[in-house]
K.L.:
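My structure is below; once you've seen it, I'll send some questions.
Keep in mind that the numbers below use all heavy atoms, side chains included, and drop hydrogens, waters and symmetry copies. By convention in this document, chain letters (A, B, ...) are assigned in the order of the sequence lines, proteins followed by strands, and residues within each chain are numbered from 1.
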Protein chains: 2
Amino acid sequence: MPNIEHTEDRYRVQSVARAAALLELVADAGPQGLGVTEMAQGLGVAKSTALSLSRTLAHAGLLRSLDVGARYGLGLNLLRLGDLASQQTSIGELGLPVLHQLSQATGMTARLAINENGYPIFLERVDGGGPVRFHAPLGQREEPHCTAAGKAILAQMDEASVRQLIEEAGMRVHTPKTLRSVEELLHDLERARQVGFALDDEEEAEGVFCVGAAFFDHQGRCAGALSVTDLKLDVPLREVQALGQSVHAHAERLTTILSGSRRMARR
Amino acid sequence: MPNIEHTEDRYRVQSVARAAALLELVADAGPQGLGVTEMAQGLGVAKSTALSLSRTLAHAGLLRSLDVGARYGLGLNLLRLGDLASQQTSIGELGLPVLHQLSQATGMTARLAINENGYPIFLERVDGGGPVRFHAPLGQREEPHCTAAGKAILAQMDEASVRQLIEEAGMRVHTPKTLRSVEELLHDLERARQVGFALDDEEEAEGVFCVGAAFFDHQGRCAGALSVTDLKLDVPLREVQALGQSVHAHAERLTTILSGSRRMARR
DNA sequence: GACACGCGTTCTGTGATGCCGAACAGACGG
DNA sequence: CCGTCTGTTCGGCATCACAGAACGCGTGTC
């Protein structure tokens, strides 16, 4: 579904591709898992094929059988592998301490996203102390136009690239406050550049307020963005400026870490 | 030489099993990733085979190419899948079988608590065979200083964190035997660390005796604790040592389950 | 500068193997 | 006691994954 099938990829192993699709299928199925029959029709293969695939994946710990040998859910090895994946992505590893500091300094849920061709992908998350937990999945490509991290990243691109990206990504409307036009977006990005941080003022979800700022790698390229999230109610307007400066400062700190303490952010 | 060989699993897809082994291989390789040649000799297959596998996995987002098309590291989709796996996996569910075994082995009421910032929250409970049922609410945050599970968790934290937590939580006095000072508590925790289990000797309720031991997640963090409860009358002093060892052993069993049980094939 | 060696990549033939489909065995529920 | 769900088994054909040799390319070494 999110993945368009095959870019004319030669060298592709059918059964492995099916196995990967099966993982996605099981992930979407939720906690109750999937049975062999459901897998089979979800993948469009015979039941016996689905059985072989699931058995093999289960043996590798990528799936696990929920009941005794009947339904399958995601396996615990995925936990370990996912954890290693974020560690091995040096940004995730290097950014985690900064993220903790940011969370502690603001008391809010802090997240770190990397820049993948203009899209933010969240690698790490540190919950704030508050009672409210936010739905904040990791490893997922989020939308650029309505998230603080996304706009912080977009603000570092030139206008032509932004237009092209939005052309491709679209601008889904989530709330009444979601920006509707590229012009509106570009204007907002200009403002973000001037103050050094981007806002998501109930643009993705009602009642949720985010502040984001970009950080840069050793070549000065925008490597990603930090953001903090909280209920709009809990963010007095007069504090937004201070909050933004804090996020910006932490992003700059991360920039100096990533660049070997040589170069500063490109504005 | 065939290092990962299986327990006579009939339905097994060779290429998928190899793909899974490849994921492990890349995970062990660390941040710099693996090249095709290394994968090939690591798996014991031809280079072209390794190429097909890695391309397929990369297309599914389970691997990602680090340089342009050369070396491969773990993919970001693993992050998302791992995150989902942890959401969909309740520790309680995994621990339930162990809990049953523990209850059966000891004949006592067994409980499982997760560690939430040092506080124990009981998720599951299995009643022993005896006539007495204990008031043991689930899903509720209990006090750390006077419960076996709480002290088992505390025993895994450093002294400063314990002091800070107790500062915040206080030490309500329930019985004459309830510990009164942080020093007393720290001393008790030190003893618990040495023997591998914590005791609650009528400290929360008179006549009630508990033994607890911590278990750990795939990162080695203390994820929670198991405990057993009975009337003090029914626990002869000489049995405490054996009881503690049993609880400790079951907690260890749960730890191996939670940490992904990789490499379970031993020929 | 030429050479050799390492890398990743390409291509093609072949036989192992993944795949389907049909049949089987329990578990429910009418 | 059937009909209809499951998950499981098995055999056989065609596919598809696999190996291996050859290619292009960048590196390092005389």
Side-chain angles (χ1 to χ4, degrees), chain A residues 5-26 29-60 62-75, chain B residues 1-26 29-60 62-75:
Chain A
E5 277 304 319
H6 54 263
T7 58
E8 192 261 324
D9 235 6
R10 273 172 313 201
Y11 312 122
R12 169 149 148 265
V13 183
Q14 187 187 54
S15 41
V16 174
R18 282 176 170 173
L22 182 55
L23 285 182
E24 298 291 339
L25 208 62
V26 173
Q32 74 281 7
L34 284 182
V36 176
T37 308
E38 296 164 288
M39 297 180 191
Q41 62 191 27
L43 291 178
V45 300
K47 279 197 298 181
S48 50
T49 305
L51 183 71
S52 301
L53 291 175
S54 58
R55 284 271 174 87
T56 309
L57 287 174
H59 191 271
L62 301 178
L63 291 181
R64 56 182 254 269
S65 52
L66 301 177
D67 317 313
V68 266
R71 306 181 75 78
Y72 287 91
L74 294 178
Chain B
M1 309 184 313
N3 35 8
I4 321 182
E5 275 327 315
H6 312 321
T7 59
E8 190 260 321
D9 236 7
R10 272 205 296 285
Y11 306 103
R12 153 157 154 269
V13 182
Q14 187 187 58
S15 43
V16 174
R18 282 176 170 174
L22 181 55
L23 285 182
E24 297 291 341
L25 206 64
V26 173
Q32 75 281 6
L34 283 181
V36 177
T37 308
E38 297 165 288
M39 297 179 191
Q41 62 191 26
L43 290 177
V45 300
K47 282 198 296 182
S48 51
T49 304
L51 183 72
S52 300
L53 290 174
S54 57
R55 284 271 174 86
T56 309
L57 287 174
H59 189 269
L62 301 178
L63 291 181
R64 58 187 252 269
S65 52
L66 301 177
D67 318 312
V68 265
R71 306 181 74 79
Y72 287 91
L74 294 178

K.L.:
Got a second to check how far A:Arg18's CZ is from B:Ser15's OG, nearest 0.5 Å?
P.N.:
10.5 Å
K.L.:
Are A:Ser54 and A:Met39 close enough that some pair of their side-chain heavy atoms sits under 4.5 Å apart?
P.N.:
yes
K.L.:
Taking atom C1' of C:dC7 as reference, at what distance in whole Å does atom CD of B:Gln32 sit?
P.N.:
16 Å
K.L.:
Does A:Gly35 offer a backbone N or O that forms a donor-acceptor pair with the side chain of A:Glu38 under 3.5 Å?
P.N.:
yes
K.L.:
Tell me whether the side-chain N/O atoms of B:Arg55 come closer than 4.0 Å to OP1 or OP2 in C:dT9.
P.N.:
yes
K.L.:
Can you name the residues that form a side chain to side chain donor-acceptor pair (under 3.5 Å) with A:Arg64, not counting sequence neighbours?
P.N.:
B:Thr89
K.L.:
Is the distance from OP1 or OP2 of D:dG7 to the nearest side-chain N or O of A:Thr37 less than 4.0 Å?
P.N.:
yes
K.L.:
Between C:dC7 atom P and B:Met39 atom CE, what is the distance in whole Å?
P.N.:
13 Å
K.L.:
Identify every side-chain donor-acceptor pair in residues 42-50 of chain A under 3.5 Å, counting partners at least two apart or on other chains, and give the distances.
P.N.:
none

K.L.:
Measure CG/B:Leu34 against P/C:dG8 and give the value in whole Å, please.
P.N.:
10 Å
K.L.:
Counting distance only, does the side-chain N/O of B:Arg12 pair as donor-acceptor with the main-chain N or O of A:Thr56 below 3.5 Å?
P.N.:
no
K.L.:
How would you summarise protein contacts on nucleotides 11-30 of chain C per nucleotide, using B for base, S for sugar-phosphate only and - for none, with heavy-atom distances below 4.0 Å?
P.N.:
B-----SSSBB---------
K.L.:
Rounded to whole Å, how long is the line connecting atom CG of B:Leu22 with atom P of D:dA17?
P.N.:
15 Å
